[in-house]
Amino acid sequence: MLTPIEGIPGDLLQVDLEAASVALTVDAALYPRSALYGAAYIFIDRCFVLLDKPDPDHFRVTLSWKTQDASAEALRALVGEFANELLSCAWRAQIAEENRAAMEATTARVLAGAMGPPSLDDLEKFDFTDAPLEDPLGIAMSWEEKYGKKKGAQDEETQDKGGVQE
Amino acid sequence: MTELRLNRALYPRAAVDAAVLVYAPYGALEVVEEQAHWVVRVTAASRDRERRIAGQLGNYSLGLSATSPAESRP
């Protein structure tokens with residue numbers, strides 16, 4: 001028989017002492033399916049885990065002890081631990097989603113670096129007609145371009161030396 | 001007989017079939033397709049054994065569902 005646990009709304013959590021199981025309803029908007037799978041997977045060595053989707057906005061997780069002699073307190077502790085794990089998995093899923101582009105770019109660079117220097121064939125196939133990299137701050141300039149003598153000053157210097165270039 | 005109801009939106013058919021194949025030697029298993037669920041009917045020597053087979057089968061198919069590539073999930 002399903003009974004609510006004191007202090008927790010009955011529509012969120014119900015305990016069945018005879019079956020040594022506890023059913024938790026979670027909001028699908030807060031906890032993505034990948035987080036639900038992740039949290040459930042961690043508990044399958046301790047209890048039987050059953051996932052369900054009673055309506056499009058909610059998941060229902062039923063945790064049953066593998067042995068049928070669990071107390072209400074043990075079930076409460078179990079479902080509390082599961083809820084914490086679910087929150088942790090949801091948070092990690094969100095971090096992964098937000099940083100997916102950065103992770104993919106880093107991985108691609110690492111793999112490209114691990115492939116070693118390009119071969120002569122690769123260089124031969126390389127398209128040098130591509131547009132050069134954007135450099136709005138003028139950083140990608142050679143030292144000579146940036147600090148070398150200007151062309152006018154160089155001509156004057158050449159004349160001073162009697163037209164002899166060094 | 002014990003019924004295990006696995007939601008079709010969460011458990012791919014391939015995961016259920018693979019789990020049924022693994023636990024078939026431990027009891028009589030039958031998969032029935034319903035609108036929202038795969039219903040696995042478990043018949044074994046005792047009620048306790050049926051519960052255990054159903055629970056382990058559920059865990060096994062959950063593990064396969066969780067580790068299957070996202071694009072193959074329902």
Side-chain angles (χ1 to χ4, degrees), chain A residues 2 16-29 31-70 75 78 82 85-86 88-90 92-94 96-97 100 104, chain B residues 1-20 22-23 26-27 29-74:
Chain A
L2 291 174
D16 185 348
L17 276 175
E18 283 174 28
S21 73
V22 59
L24 173 71
T25 303
V26 296
D27 193 330
Y31 301 100
R33 190 161 61 161
S34 58
L36 190 72
Y37 278 136
Y41 193 74
I42 290 168
F43 281 74
I44 58 177
D45 62 333
R46 272 185 279 173
C47 52
F48 299 133
V49 185
L50 182 67
L51 305 182
D52 201 0
K53 200 168 187 192
D55 61 75
D57 300 329
H58 295 94
F59 292 116
R60 169 165 287 195
V61 185
T62 307
L63 306 169
S64 310
W65 278 117
K66 290 188 176 181
T67 54
Q68 277 186 291
D69 50 356
L75 287 170
L78 178 73
F82 180 84
E85 189 60 49
L86 183 60
S88 167
C89 286
R92 271 184 282 163
Q94 191 176 335
E97 193 56 43
R100 184 176 301 279
E104 283 175 357
Chain B
M1 185 191 66
T2 301
E3 272 192 0
L4 178 68
R5 303 178 69 79
L6 303 172
N7 194 301
R8 292 173 63 162
L10 296 165
Y11 297 86
R13 177 69 198 242
V16 178
D17 285 345
V20 165
V22 169
Y23 288 96
Y26 302 99
L29 305 176
E30 183 193 5
V31 184
V32 179
E33 193 175 329
E34 283 189 5
Q35 196 179 356
H37 294 88
W38 309 114
V39 181
V40 185
R41 292 183 180 144
V42 183
T43 311
S46 69
R47 184 92 181 162
D48 190 47
R49 192 174 166 84
E50 283 177 1
R51 178 185 185 268
R52 225 171 117 192
I53 294 169
Q56 294 289 8
L57 194 149
N59 276 1
Y60 197 92
S61 49
L62 174 64
L64 291 176
S65 306
T67 53
S68 67
E71 58 270 14
S72 68
R73 288 180 199 156

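When side chains are defined from C-beta on, B/Thr67 does not count as touching A/Tyr37, because their heavy atoms never get closer than 4.5 Å. Two residues are said to be in side-chain contact when any heavy atoms from C-beta on lie closer than 4.5 Å; B/Tyr60 and A/Ile44 fail this criterion. A heavy-atom distance below 4.5 Å is found between the side chains of A/Leu50 and B/Leu6.
Contact record, B/Arg51 with A/Phe48: NH1-CE1, 3.8 Å, taken as the closest heavy-atom pair. Here the closest heavy-atom approach between residue A/Tyr41 and residue B/Gly63 is recorded as CE1-CA, 3.7 Å. The minimum heavy-atom distance linking B/Leu62 with A/Ala40 is given by the pair CD2-CB, 3.7 Å. Closest approach of A/Arg33 and B/Leu10 over heavy atoms only: CD-CD2, 3.4 Å.
For A/Phe59, the part sitting under 4.5 Å from any heavy atom of chain B is the side chain, from C-beta outward, and nothing else.
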